[in-house]
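All values below come from the heavy atoms of this structure, side chains included, with hydrogens, waters and symmetry mates left out. Everything quoted here is computed from the prediction, not taken from an experiment.
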Amino acid sequence: MKNLDSDQSFYIDSEEEDEENMYEKSGDGGDNGNDSDSSASSAEDRRQNKSSSYNTSWPQSYRQSIDLYSSVPSPNIGFLGTPNLSRISGASYLSSSLTRRHTPGVLPSVIKPLLPEPGEEEQQHLPKERRSSYSLLPPLPRKASARKDERATPKGAAATAGQSSNGQTVLNGINVLCGVGILSTPYAASEGGWAGLAILLIFAVISYYTGILLRYCLDSQPGLETYPDIGQAAFGTAGRIAISIILYIELYVCCVEYIILESDNLSSLFPNAHINLGGFELDSHHLFALMTALAVLPTVWLRDLSVLSYISAGGVVASVLIVLCLFWVGLVDHVDLHSRSTTTLNLSGLPVAVGLYGFLYSGHAVLPNIYTSMKQPNQYPSVLLTSFGICTCLYAGVAVMGYLMFGGATLSQFTLNMPKGLVASKVAVWTTVVNPFTKYALTMSPVAMCLEELIPSTQSKSHMYAIVIRTALVMSTLFVALSVPFFGLVMSLIGSLLTMLVTLILPCACFLSILKERVTRFQRACCCVIILVGVMSSIFGTYSALSKIIENLSS
C-alpha cells in the first residue's frame, strides 16, 4: 500500500512495482493456504490487467501530448536530436500535475533517460507491449493507481492524486474553451440573427452536462484517464481508435484555421504586400500564409514545448484583452452602430451559426485530463460550471457588441471589421496575430506524436522520420488553408462535423455503453435527446457549410 501522506508532492506509478506487489500478495495467499485471499488476489490481478490495458493500444502518447497542450509545464528546450522514442516508455513515471511538473528534489533524475537503452537489465524486465514509444516530450504521469486510491478515500480526506487547485483548473478550462472561436461569435450572430443566440445558451448547457457525463465514465472503473480510454471502455479497441482519429482531425483542422487567421489579419495590416517567386506572383494572403507556415515550422520541430506552453497559457489574457479592445472601440471610441442592419432570425444562415456556436465548446477532448489533475475532483462540477459560465458570458458579450457595431457587414473575424486607425484596433489585431504562433506547435504535436508511434521500432532511432512527419503536417495545413481560405465556414464545418461528435454525441453514447443498467431513465432520456440534437445539428450544419464553401470556391 502506498503511503499517501509521504507522496504529497509526487507519485511513482511503476508497473514493475505493481506486478511485484501482486506477486507477493499471491504468494502470501498460497503460503497461508487461504483460498479467499488467493481468489481476492486473482480478482485484483484481473482488475489491474484490465485497467493497464487501456494504455497499451494506439495512441499511447495521447495523455502526454494533451497534457502539454493544455498545461504550463516547466521549461526544458530541446530539438528532435534526442534519444530514440523507445527510451521514453510507460513503465515508470514521475507524476506531476497538469499545471506544475517541477519538484526540486527529483529534477536531477529527470535529466537521465527514464529507461535504459534496449538490452539493459531494466529494459528486459518490461513486458513487450509496454516497450513501444510514447512521445518525444518529457513524460507526464499516469495517475490510474493514484486516482483509484483517492476515490477510495473517505469524503473530506485530503486529495492527493492531482496537484491542480480549483482556481488553476478553472483557468485551464477557460484557456481550453476560449480560443480563436471567440473572434467569430459576431459573425455567428450575423448568420443566425438575434434569435440564434439562444443556440449558444443551449449548447452551453448541453456541453456542461456532457462534460459531467465524461466524469461518470472516468469514475466507472480504474485505469480510465483520457477520452480514448473512455472510447475503449465503451466500444473496445475500435472505439478507442475511432475517437482518437476524430480528436486528431479536429486538432489538425484547428491548425489550418490558425494559418487562415494569420493570413487574413496580416493581409489586413499590410494589404499591398506581395512577392514574385520564380514567375509566381504571391498576393498578401498567399504570402502571409506561406510566411506563417515557415515561422511555425521550427517550433513544431521542438522536442519540448514547455516554453511555448507557458506563453500559450496566456491565451486567457489574450482573449480577455481582445474582448476589452472590442468594447473599448464600441463604447469609448464611439464607433457608429449598425443595429438597423441586424435581423431577428436568419433561417438561411442558421445552420452555419449552429456550427460556429458548437465550435465554441470543443474542449471536451481535454476535460478528462483536467479532471484527473484536480486536487479535489469532487469539485469538478462547480469548477466546470465556472469555466463554462465565464466563457459563455464572454461569447455572448462579444456576439452582441460585435453584431451591433458591424451589423450585416460583420466578417468572419471581428478584428477585420475594426477601424484601422484606432489604437484599440491595433492592439486587438496584433494580439490576434501573435497568439496562434504560440499555439500552433502545441496543437499539432499530439497529431505528430500519434503518427510517430507508427514508425517501425527498427527505425525509431532515426530522428529524420519525426522531422519529415512534422514538416509534412505543417506544409499540408498550408496547402489546405490556401485551398479553402474561409475562416468562418471552415470553423462552422469543424463545429458541425467534429465538435458535435466529440462534445454531444460521443459522451452520451459512451456513458450509455459503459454504465448500462446503472443509467436512470431520466439520464437515458437526456442522452437520447442530446444525441438527436447532435445528429441533426451535424447533418444540417455540415451540409450548409460545405455548400457555401463549394459555392465560394466556384465563384
Side-chain angles (χ1 to χ4, degrees), residues 181 184-185 187-211 213-214 227 230-231 234-235 238-239 241-254 256-257 343 345-365 395 399 412 480 483-484 486-513 524-554:
S184 293
T185 51
Y187 178 67
S190 174
E191 287 292 308
W194 290 116
L197 287 172
I199 299 175
L200 174 67
L201 301 178
I202 292 173
F203 280 159
V205 174
I206 294 178
S207 300
Y208 170 76
Y209 181 74
T210 55
L213 295 185
L214 290 179
Y227 210 141
I230 294 174
F235 306 110
I241 294 175
I243 288 179
S244 299
I245 291 174
I246 293 171
L247 297 178
Y248 287 134
I249 292 176
E250 187 178 36
L251 291 174
Y252 176 86
V253 184
C254 285
V256 174
E257 285 284 76
T343 59
L345 179 63
N346 182 13
L347 290 177
S348 62
L350 192 61
V352 172
V354 168
L356 292 171
Y357 287 135
F359 180 85
L360 299 175
Y361 299 100
S362 59
H364 280 52
Y395 296 151
S412 61
V480 175
S483 302
V484 192
F486 313 116
F487 183 84
L489 294 178
V490 172
M491 181 176 291
S492 178
L493 181 61
I494 300 172
S496 300
L497 184 61
L498 300 175
T499 305
M500 294 300 167
L501 279 170
V502 175
T503 303
L504 272 64
I505 301 173
L506 289 176
C508 295
C510 292
F511 175 74
L512 294 176
S513 177
R524 191 179 303 275
C526 288
C527 289
C528 291
V529 170
I530 292 173
I531 290 175
L532 180 62
V533 170
V535 170
M536 298 298 292
S537 300
S538 180
I539 293 174
F540 288 108
T542 301
Y543 175 80
S544 181
L546 284 176
S547 298
K548 292 198 174 185
I549 288 174
I550 295 173
E551 180 183 345
N552 289 336
L553 288 175
S554 58

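- Checking side-chain atoms of T210 against main-chain N and O of I206 turns up a donor-acceptor pair under 3.5 Å.
- Heavy atoms only, all atoms of each residue included: C527 and F511 are closest at SG-CD2, 3.7 Å.
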* Go through Y361 and T499 one step at a time and tell me if the side chain to side chain contact (heavy atoms under 4.5 Å, CB included) criterion holds. => CA-CA 8 Å; Y361 299 100; T499 305; 5.6 Å; no

* To do: Tell me, with the steps shown, if V253 and L493 meet side chain to side chain contact (heavy atoms under 4.5 Å, CB included).
  => CA-CA 10 Å; V253 184; L493 181 61; over 6 Å; no

* Run the numbers on T542 and M500 for side chain to side chain contact (heavy atoms under 4.5 Å, CB included), then give the verdict. => CA-CA 10 Å; T542 301; M500 294 300 167; over 6 Å; no

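- With hydrogens and angles disregarded, no donor-acceptor distance shorter than 3.5 Å links the side chain of S537 to the backbone of G534.
- The two atoms that bring S184 and S412 nearest to each other are OG-O, 2.6 Å, heavy atoms only.
- Within a 6.0 Å radius of CZ in F540, other residues, nucleotides and ligands contribute 12 heavy atoms or fewer.
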Name each donor-acceptor pair under 3.5 Å that joins a side chain in residues 545-553 to protein atoms two or more places apart or in another chain, with its distance.
unit_1	atom_1	unit_2	atom_2	d
S547	OG	Y543	O	2.7
K548	NZ	E191	OE1	3.1
N552	ND2	K548	O	3.3

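- From Y395, atom OH reaches atom OG1 of T185 across 9.0 Å, with rounding to the nearest 0.5 Å.
- Among all heavy-atom pairs drawn from A399 and A189, the shortest one is O-CB, 4.1 Å.
- The nearest pair of heavy atoms linking A509 to F235 is O-CZ, 3.8 Å.
- Panel note: side chain Y227, backbone S244; no donor-acceptor pair is recorded below 3.5 Å.
- Side-chain contact check for L498 versus I246: some heavy-atom pair is nearer than 4.5 Å.
- The side-chain heavy atoms of C510 and I243, taken from C-beta on, include a pair separated by under 4.5 Å.
- Atom-to-atom distance recorded for L506:CG and L213:CG is 12.0 Å, nearest 0.5 angstrom.
- Between L345 and A195 the shortest heavy-atom distance is CD1-CB, 4.0 Å.
- Applying the side chain to side chain contact (heavy atoms under 4.5 Å, CB included) test to I505 and every residue at least two apart in sequence or in another chain returns L501, I531, V535.
- Contact check for Y187 versus L356: side-chain heavy atoms found under the 4.5 Å cut-off.
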* **Chi angles and distances behind the side chain to side chain contact (heavy atoms under 4.5 Å, CB included) call for I494, S362** => CA-CA 9 Å; I494 300 172; S362 59; over 6 Å; no

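- In this structure, the side chain of S538 engages the main chain of S496 through a donor-acceptor pair within 3.5 Å.
- S492 and V352 make their closest contact through OG-O, 3.0 Å (heavy atoms, listed as atom of the first residue, atom of the second, distance).
- Residue pairs that meet the salt bridge (Lys or Arg N to Asp or Glu O under 4.0 Å) test with at least one member in residues 486-509, sequence neighbours left out, do not exist here.
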